[in-house]
Amino acid sequence: MNIDQEECRRLITGLLDNELTAEERIAANECLRRSQQCRVEYEQLAAANAKLSTLTLKEPEDHVLEQLWRSPYHRVAWKTGLWLALGSTTALVLYGVFEFARAVLFNSAEPVLPRMAVAGAAAGALLIFYTILRERLRTYKVDRYKDIER
Amino acid sequence: MDERKAIDLCIIHRDPVGFEYLVRSFRREAFMHAVGMLGNEQDAADACQDSFLRAFSALPRVRTMERFYPWFYTILRNCCLNLIARRKTVADHTQREQQNSDAAQDEFSPSVLLEQTEEQRLVWRTLAAMTSADREILALKYIEGRCYDEIANLLGIPRGTVMSRLFYARQAFRETHDRINNAPRETP
């Protein structure tokens, strides 16, 4: 039987965990019988196994487990509420802007100077908004600290 | 109700009662796995909540499902890895003097251990200092007590690869354990 080192390692791992078939167990024992390195590695695995087997975690309390699903319901409700509120507010603002533009900017009955002033103020505000947004996006791309929670 | 019926309720009838049953059935093992990966109850609870929420949102897009937990495990695993990656980024950017592995050990609270012996604390610190991949397979084996076939099914890898990964994870554990055990103790 010719088994390479990697296969031996798999087999001695399975032997330690009692997970081998009868045929595999014979092959694993053959590895151990033939190779000194396999025997050393098996001893090392057994020592690590003994230490790891002592590890026991506390059982979680019922209230901790209950929260695992109660909170997501809250999160869904919170997110839905937030999107509804933001969406409605945005729609309202857009409607206001549209109505304002129709009543003042595109109303030929209004004098030209206030119309131009309002149009200039709106264009200025848009320009500032665009500049800030572009700057923020550019900074965000190279921001090393964006993943840090403040 | 059983798992099959609950899955059918979720997928075919879009009934949240089925999902609640699945959460109740698998929340303990999900939580225990997350504690093993993340080291403390708070992060584990966050990861589980996030995972259940993602699973709940993704279910309407699922056509068929044999078992719930292997499907859910992929989501949970990604959430845990995301949290670990975020921690690493924070540690990198705050330029701690410690190594990242030492920073990870800070997150591993010994309060989750059943017995507070020095040996258990050392094993826990050792797990904290290992890579996520090694810690994951050791958590599946030792914290959850899963057999090779279950681990292979959850990770989507062949049984032989489970054996290989366990071999190298245990070797890494032994080396890290010796390194931590032999490191000079800090004096207060």
Which atoms of [X] approach chain A - backbone, side chain, both or neither, heavy atom under 4.5 Å:
X        : result
B:Arg165 : neither
B:Phe173 : side chain
B:Glu119 : side chain

Crowding at [atom1], [X] (>12 non-hydrogen neighbours, <6.0 Å):
X       : atom1 : result
A:Arg25 : CZ    : yes
A:Arg39 : CZ    : yes
B:Arg67 : CZ    : no

Contacting moiety of [X], where chain B heavy atoms sit under 4.5 Å:
X       : answer
A:Glu24 : side chain
A:Asn18 : neither
A:Leu20 : both

Item to complete: Assess whether side chain to side chain contact (heavy atoms under 4.5 Å, CB included) is satisfied between A:Asn29 and A:Leu15, documenting all intermediate values.
Response: CA-CA 8 Å; A:Asn29 284 320; A:Leu15 186 69; 3.9 Å; yes

Fill in: Centroid separation B:Phe72 to B:Phe26 less than 6.0 Å
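No, the ring of B:Phe72 stays outside the 6.0 Å limit from the ring of B:Phe26, centre to centre.
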
